[in-house]
Student: 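The following block contains the structure, expressed as structure tokens.
The model shown is predicted, which means the values in this text are computed figures rather than measured ones. All residue numbers in this chain count up from 1 along the given sequence.
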Amino acid sequence: MAALLLGTALLPAIAFAQTAADPVVLQPIVLQADEQGTSQVSVTADQLDDARTGSMKDIFRAEPSVIVGGGMTVTERVFVNGIDQQQLAVTVDGAALNNRMFHHTGTNIIDPNLLKAARVDAGVAPADAGFGALAGSIAYETKSALDMLQDGQTHGGQVTTGYASNGGTTEGSVTLYGRQGPVDALVYAKRATGDDYQDGAGDDVAYSGADLNSYALKLGAQMGDWRAEFGALQVQDDALRPYRANFGGLVGRPNDPRRYALKQTTQTLRLRRLSADGLVDPEFVVTQSRSDLDTYDLNADGSLSGDFNKGGADTLTIKAQNHFALGMMDITAGVENSRSKATYDGVFRGTAGSFREDVTNTGAFAQARGTHGQFDYSAGLRYDWNRFTGAGGQSVDTEGASANAAVTWHATDALALNAGYSTVFGGTPLAAVYDLYDAYQLPGAYHDLHHTRAQNVVLGTEWTTGNTTLGAELFRTRLNDARKKLAVHDVESKGFRLSARQDWLGGYATLRYSDTDVQVDGGDATTYDLLDLGTVPGRILTLEARHEIMAGLELGGVVQHTLDEDGKGVDATRDWPGYTVVDVFAEYEPAQYSNVTLRAEVNNLFDRDYVDRASYGGDFDEILGQKEPGRSIGLSARVRF
């Protein structure tokens with residue numbers, strides 16, 4: 001109820017009253033069954049636009065089942081239904097991301113200002129989502145010149161600037177795009193800098209200042225019936241960070257910094273046919289993703305100590321697929337081959353080490369989607385051959401099948417029921433790069449590893465009447481033999497989601513609730529037990545609201561409320577306190593300057609002092625959790641030309 005009461009602070013300014021005019025009904029934004037019956041979280045265009053000067057946390061802040069830990073961009077990790085995204089298939093423009101790097105940093109950094117769409121298949125994912133969709137999938141799609149050009153335009157641009165008072169963070173980005181004949185291009189660059197931010201108690205969070213560069217190049221060309229596209233993205237963060245970047249230090253020990261140099265890149269080359277004839281609609285894709293993280297230890301005087309770590313994780317994927325249109329059913333079928341590696345070189349306490357693991361996976365898949373009467377359905381199969389090579393040349397070769405099925409029954413015009421199930425083969429995944437050391441080279445090092453397999457079940461319902469939409473969903477994910485270092489563990493996440501949305505003329509409000517419990521090996525787990533596997537989300541309630549009070553002026557915000565949770569696991573020494581965080585904004589597009597958008601926002605309006613529920617170490621007294629920023633006033637402007 002606390003979130004509801006605080007949320008009412010938004011509503012007077014939002015002018016909740018409806019008018020006598022015919023209502024403008026926006027599409028519901030709830031956790032629901034899509035047209036194929038799978039459980040899906042689709043981030044709306046409004047949510048992406050709101051996050052354009054933010055980070056991954058801002059993209060998903062209104063979705064309690066998709067939570068992001070970490071107060072700094074470099075430490076943000078995404079969890080879906082309490083499961084770490086390392087257990088999901090994650091792609092950017094179709095490029096499979098190799099996100100196994102270092103448990104003291106985040107996984108993948110995505111610049112929200114580049115995103116056209118973001119979709120999460122929570123639990124049950126289709127066969128064409130990619131290999132390794134154990135607990136679902138996350139697909140990000142970035143903008144191209146064709147998305148940015150308005151009718152009649154051949155070229156244009158966009159400049160975005162922003163300032164946040166907490167930490168004095170400034171950022172600016174420039175996007176240039178155009179089309180000439182059959183060729184189109186987009187170029188993007190962004191820079192963000194700032195000082196250490198303050199937490200809700202007014203204390204500086206050491207070494208938390210922004211230092212981020214983001215770049216993108218998108219090229220396209222139409223050649224007769226075919227279109228070729230090339231995309232390249234790069235994000236860099238290079239600065240002093242806490243020695244263990246994802247928390248503030250250990251009680252009784254100095255919080256010395258070390259330099260973190262992070263670079264993540266993705267490249268995609270795609271060739272597809274534009275004029276399909278129903279049976280012949282091929283697509284060929286070659287992608288590469290790479291993460292590089294180098295850390296350098298420092299002496300007391302700030303000079304390099306000689307100890308360093310250099311880690312790299314990359315994946316090269318080649319895929320060929322065809323889309324078949326068969327009346328009321330579509331089938332996507334294809335084959336893909338991916339080669340992933342994890343490499344480490346460094347000097348730790350004066351001792352040098354160099355290690356590498358490799359995985360090659362070949363998969364064949366088919367996914368059918370269609371409608372029959374009152375039923376929407378989706379069903380898919382894939383088979384994968386997985387070849388793993390350990391740090392000492394050891395081999396672990398496995399193969400297995402995956403299957404998924406989902407259906408939505410539109411029982412009445414108002415009521416829909418959905419169910420989904422999947423069993424997923426995960427092969428033998430790479431270890432986190434920074435976990436590699438001498439023990440991995442021993443002959444029997446990998447004897448305890450088995451291929452990972454997951455089972456996902458989803459049951460849900462949705463009821464719509466007029467401008468009101470209600471949804472409910474039960475979910476369960478089981479990971480068997482999930483790898484963590486040189487051991488395997490069984491992980492189970494289960495819970496339920498509820499949602500309620502009300503639309504009115506010019507606005508809407510959505511209330512979402514998620515209750516998730518995650519266990520490891522059949523028992524309660526701490527955040528240490530869940531490293532690389534999941535987190536402890538518990539019960540989270542969010543309220544999202546927005547309203548256009550006059551032409552060009554929109555007000556809104558998000559309230560996030562987490563309930564108190566007991567510390568779980570035999571080693572836990574602290575409970576999880578609840579907290580309520582309110583973010584509000586006003587956005588204005590002057591009528592006389594339709595190409596200008598001005599935005600003012602206040603994040604953490606009531607200056608709450610807290611560690612995010614998805615951040616590491618909040619259940620240990622000896623760990624100083626990484627505090628989130630306190631109140632911050634943000635101003636931004638976007639100019640299109």
Side-chain angles (χ1 to χ4, degrees), residues 43 45 47-60 68 70-76 92-93 95 97 105-118 140-145 147-148 155-178 185-195 197 208-219 230-239 241 260-268 289-292 587 595-599 601 603 629 632 634-641:
V43 179
Q47 290 169 335
L48 287 177
D49 203 37
D50 289 343
R52 61 182 176 266
T53 58
S55 65
M56 300 292 292
K57 188 183 293 286
D58 299 292
I59 294 174
F60 296 114
V68 183
M72 301 181 292
T73 298
V74 72
T75 61
E76 289 183 345
V92 174
D93 294 333
L97 300 186
T105 61
T107 42
N108 304 115
I109 301 175
I110 309 294
D111 185 346
N113 201 28
L114 283 170
L115 287 179
K116 172 185 177 182
Y140 302 101
E141 184 180 356
T142 61
K143 302 169 186 174
S144 69
D147 300 312
M148 301 294 290
H155 61 277
Q158 179 175 284
V159 175
T160 302
T161 62
Y163 173 79
S165 63
N166 194 343
T169 301
T170 59
E171 69 172 69
S173 66
V174 178
T175 311
L176 301 175
Y177 45 88
L186 178 147
V187 179
Y188 173 87
K190 174 182 176 179
R191 173 69 174 152
T193 60
D195 298 324
Y197 64 75
S208 62
D211 192 346
L212 186 72
N213 294 303
S214 178
Y215 309 99
L217 172 66
K218 301 291 287 292
L219 302 174
F230 172 77
L233 310 174
Q234 184 177 100
V235 176
Q236 293 177 292
D237 186 291
D238 190 343
R241 301 298 180 197
Y260 280 71
L262 175 68
K263 181 169 70 173
Q264 297 182 345
T265 60
T266 62
Q267 300 175 67
T268 304
S289 68
R290 181 173 179 85
S291 294
D292 292 286
E587 190 165 281
N595 63 325
V596 176
T597 302
L598 304 175
R599 182 181 178 91
E601 57 189 20
N603 294 320
S632 182
L635 302 172
S636 65
R638 179 174 61 191
V639 180
R640 298 172 294 276
F641 55 88

Student: Less than 3.5 Å apart, which donor and acceptor atoms pair up between the side chains of residues 634-641 and the rest of the protein, not counting sequence neighbours?
Tutor:
from : atom 1 : to   : atom 2 : distance (Å)
R638 : NH1    : D49  : OD1    : 2.8
R640 : NH1    : T597 : OG1    : 3.4
R640 : NH2    : S594 : O      : 2.9

Student: Would D111 and S214 count as having a side-chain donor-acceptor pair, cut-off 3.5 Å?
Tutor: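 Present: a donor and an acceptor within the cut-off.
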Student: Would you call Y197 and M72 a side-chain contact if the rule is heavy atoms closer than 4.5 Å?
Tutor: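 Yes - at least one pair of side-chain heavy atoms lies under 4.5 Å apart.
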Student: I'd like to know if the side chain of Q264 reaches the main chain of I109, judged simply by a donor and an acceptor atom lying under 3.5 Å from each other, with no hydrogens or angles considered.
Tutor: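 Yes, Q264 side chain to I109 backbone: donor-acceptor pair under 3.5 Å.
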Student: Please lay out, stage by stage, how N213 and V235 fare under the test side chain to side chain contact (heavy atoms under 4.5 Å, CB included).
Tutor: CA-CA 6 Å; N213 294 303; V235 176; over 6 Å; no
Student: So do the side chains of S144 and L186 get within less than 4.5 Å of each other, counting heavy atoms only?
Tutor: no
Student: Whether K263 and D292 form a salt bridge (side-chain N of Lys/Arg under 4.0 Å from carboxylate O of Asp/Glu) is what I want to check.
Tutor: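 A salt bridge is absent here (no side-chain N lies under 4.0 Å from a carboxylate O).
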Student: Does the side chain of T53 reach to within under 4.5 Å of the side chain of K190, using non-hydrogen atoms?
Tutor: no
Student: Below 4.0 angstrom, N of the basic side chain to O of the carboxylate: do D147 and K218 qualify?
Tutor: no
Student: Carefully, step by step, assess L262 and D238 under the rule side chain to side chain contact (heavy atoms under 4.5 Å, CB included).
Tutor: CA-CA 6 Å; L262 175 68; D238 190 343; over 6 Å; no
Student: Looking at side-chain heavy atoms only, is the closest gap between Y177 and V187 below 4.5 Å?
Tutor: no
Student: So, E587 and R599, do they make that salt bridge, N to O below 4.0 Å?
Tutor: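 A salt bridge links E587 with R599.
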Student: Between R52 and D50, is the closest basic N to carboxylate O distance under 4.0 Å?
Tutor: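 No, D50 and R52 are not salt-bridged.
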Student: If you define the side chain from C-beta out and look only at heavy atoms, does anything of Y188 sit under 4.5 Å from M148?
Tutor: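 Of all side-chain heavy-atom pairs linking M148 with Y188, none is under 4.5 Å.
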Student: Roughly how far, to the nearest 0.5 Å, is the CD atom of Q236 from the CG atom of L212?
Tutor: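 Rounded to the nearest 0.5 Å, the CG-CD separation comes out at 9.0 Å.
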Student: Using the rule given for side chain to side chain contact (heavy atoms under 4.5 Å, CB included), can you reason through V92 versus L97, listing the C-alpha separation, both sets of side-chain angles and the distance that settles it, and then say yes or no?
Tutor: CA-CA 7 Å; V92 174; L97 300 186; 3.7 Å; yes
Student: Determine the minimum heavy-atom distance between G178 and A145, stating which atoms define it.
Tutor: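 Taking every non-hydrogen atom into account, O-CB, 3.8 Å.
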Student: What's the spacing between L233 CG and L217 CG if we round to 0.5 Å?
Tutor: 9.0 Å
Student: Please report the shortest heavy-atom distance between N603 and E601, naming the atom on each side.
Tutor: ND2-OE2, 3.6 Å
Student: Just checking, any donor-acceptor pair under 3.5 angstrom between side chains of T142 and D93?
Tutor: yes
Student: For E171 and T161, test the side chains for any donor-to-acceptor distance below 3.5 angstrom and give the result as yes or no.
Tutor: no
Student: Of the non-hydrogen atoms in T75 and G71, which two are nearest, and what is the gap between them?
Tutor: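 For T75 versus G71, the nearest heavy atoms are OG1-N, 3.8 Å.
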Student: Could you tell me the separation between the CG atom of L115 and the OH atom of Y140, rounded to the nearest 0.5 Å?
Tutor: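 One gets 8.0 Å once the value is rounded to the nearest 0.5 Å.
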Student: Can you tell me how far apart NZ (K143) and OG1 (T175) are? Round to the nearest 0.5 Å.
Tutor: 7.5 Å
Student: Quiz question: by atom type and distance under 3.5 Å, do the side chains of S173 and N113 form a donor-acceptor pair?
Tutor: yes
Student: Are D195 and T169 close enough, and set up right, to give a side chain to side chain contact (heavy atoms under 4.5 Å, CB included), and what steps lead you there?
Tutor: CA-CA 7 Å; D195 298 324; T169 301; over 6 Å; no
Student: Locate the shortest heavy-atom distance separating G70 from E76; write the atom from each residue and the value.
Tutor: O-CG, 3.8 Å
Student: Would you compute the distance between atom CG of D58 and atom CE of M56 and round it to the nearest 0.5 angstrom?
Tutor: 10.5 Å
